[in-house]
Amino acid sequence: MRIHIATDHAGLEFSTRLQHHLAEAGHDVVDHGPLEYDPVDDYPAFCIRAAQAVVRDQAAGIETLGIVFGGSGNGEQIAANKVAGIRAALVWNIATAELAREHNDANVIAIGARQHTFEEATTFIDRFIATPFSNEERHVRRIAQIADFERDGSLLPDPRAGLAHPDVLDDASSSFDPEAG
């Protein structure tokens with residue numbers, strides 16, 4: 001499998017070790033940067049390029065995933081998720097690694113390099129890579145809804161349309177009654 005990775009300065013040493021770990025496991029690793037330590041580097045471009053490469057490879061039929069990491073993984077996840085077609089999930093334990101793939105068909109994970117030991121993080125990454133998407137109808141349906149919104153802004157109709165907002169109650173009412181209209 002091809003694995004695209006990117007980091008910020010906080011994860012540079014981690015990135016080097018991870019590349020060796022993934023290559024030893026037989027993966028084709030593509031590093032999107034940074035190439036050297038810069039304590040004030042700007043991670044968004046690295047993460048966005050890695051995410052773009054995942055989308056490009058998947059469109060070409062190449063089995064591929066992405067891993068982005070930094071101090072917390074939050075900013076890196078946000079950056080990756082700005083790329084159309086990316087479903088990046090912040091992973092902090094085995095369960096979130098599995099669920100990211102099983103339920104959300106995540107194609108990128110974000111990990112906080114300062115939040116975990118190398119051994120913990122590689123366990124999450126290995127589980128993420130090894131876990132298949134469940135293809136359950138409810139998960140396929142939800143992912144399609146996200147893709148629809150990403151593509152054209154469409155959402156399912158709001159079932160509450162036309163009802164008063166539950167937080168906007170008249171003075172005589174102590175609770176919201178949807179039957180009252």
Side-chain angles (χ1 to χ4, degrees), residues 1-39 41-58 62-136 138-140 142-143 146-147 150:
M1 178 178 298
R2 184 172 294 159
I3 308 291
H4 293 278
I5 65 170
T7 186
D8 71 353
H9 61 278
L12 191 58
E13 180 184 335
F14 179 88
S15 176
T16 303
R17 291 179 68 191
L18 179 61
Q19 289 177 57
H20 292 294
H21 171 80
L22 293 170
E24 287 174 4
H27 299 293
D28 173 20
V29 181
V30 181
D31 181 9
H32 293 272
L35 301 176
E36 59 187 36
Y37 182 79
D38 178 356
D41 66 3
D42 293 322
Y43 63 84
F46 305 132
C47 296
I48 289 169
R49 286 186 190 111
Q52 289 172 322
V54 168
V55 169
R56 199 169 39 249
D57 279 356
Q58 288 183 332
I62 298 168
E63 187 178 24
T64 188
L65 293 170
I67 304 164
V68 296
F69 42 92
S72 71
N74 285 307
E76 294 76 17
Q77 177 199 24
I78 292 167
N81 272 322
K82 296 302 177 184
V83 176
I86 289 298
R87 290 174 307 282
L90 184 64
V91 168
W92 64 91
N93 61 25
I94 291 291
T96 57
E98 288 176 343
L99 291 171
R101 291 288 298 142
E102 286 178 356
H103 291 192
N104 304 109
D105 198 16
N107 49 10
V108 172
I109 58 168
I111 295 177
R114 290 182 176 154
Q115 312 304 312
H116 307 283
T117 66
F118 179 77
E119 291 72 24
E120 289 172 330
T122 54
T123 301
F124 307 157
I125 291 165
D126 291 345
R127 185 66 60 95
F128 173 76
I129 292 169
T131 302
F133 176 51
S134 71
N135 277 307
E136 286 183 37
R138 65 188 171 123
H139 301 308
V140 171
R142 293 166 185 164
I143 292 167
I146 294 168
E150 183 178 62

Residue pair [X] / [Y]: nearest heavy atoms and the distance that separates them:
X: A106; Y: R101; answer: O-NH1, 2.8 Å
X: I48; Y: A79; answer: CG1-O, 3.5 Å
X: V108; Y: A80; answer: CG1-CB, 4.2 Å
X: F128; Y: A97; answer: CD1-O, 3.8 Å

Could you measure the distance from the [atom1] atom of [X] to the [atom2] atom of [Y]? Nearest 0.5 Å is fine.
X: F46; Y: D31; atom1: CZ; atom2: CG; result: 9.5 Å
X: E13; Y: T7; atom1: CD; atom2: OG1; result: 11.0 Å
X: H20; Y: S15; atom1: NE2; atom2: OG; result: 9.5 Å
X: I109; Y: Q77; atom1: CD1; atom2: CD; result: 11.0 Å
X: H27; Y: L65; atom1: NE2; atom2: CG; result: 9.0 Å
X: L18; Y: I5; atom1: CG; atom2: CD1; result: 5.0 Å

Next on the checklist: Under the rule for side-chain contact (heavy atoms from CB on, under 4.5 Å), what residues qualify as partners of L99, not counting sequence neighbours?
Outcome noted: E102, H103
Item to check | Set of side-chain contact (heavy atoms from CB on, under 4.5 Å) partners for H9, sequence neighbours left out | outcome: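 So H9 forms a side-chain contact (heavy atoms from CB on, under 4.5 Å) with Y37, D41, R114.
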Item to check | Pairwise salt bridge (charged side-chain N to carboxylate O under 4.0 Å, His left out) hits with a residue in residues 14-29, at least two apart | outcome: R2-D28, R17-E119
Checklist entry - Which pairs, with at least one residue in residues 120-130 and sequence neighbours excluded, count as a salt bridge (charged side-chain N to carboxylate O under 4.0 Å, His left out)? => result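 Output for this query lists E98-R127.
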Would you please name every residue forming a side chain to side chain donor-acceptor pair (under 3.5 Å) with [X], sequence neighbours left out?
X: H32; value: H4
X: E136; value: R138
X: T122; value: none
X: D8; value: none

Item to check | Residue pair I129, L22: steps toward the side chain to side chain contact (heavy atoms under 4.5 Å, CB included) verdict | outcome: CA-CA 10 Å; I129 292 169; L22 293 170; 3.8 Å; yes
Item to check | V140 vs F133, side chain to side chain contact (heavy atoms under 4.5 Å, CB included): CA-CA, chis, key distance, verdict | outcome: CA-CA 9 Å; V140 171; F133 176 51; 3.8 Å; yes
Which donor-acceptor pairs under 3.5 Å do the side chains of residues 82-94 make with protein atoms, sequence neighbours left out?
unit_1, atom_1, unit_2, atom_2, d
R87, NE, N104, O, 3.1
R87, NE, D105, O, 3.1
R87, NH2, D105, O, 2.8
R87, NH2, D105, OD2, 3.4
N93, OD1, A95, N, 3.1
N93, OD1, T96, N, 2.7
N93, OD1, T96, OG1, 3.1

Next on the checklist: Checking F118 now: which residues fulfil ring-ring contact (aromatic ring centres under 6.0 Å, His included) with it, not counting sequence neighbours?
Outcome noted: F14
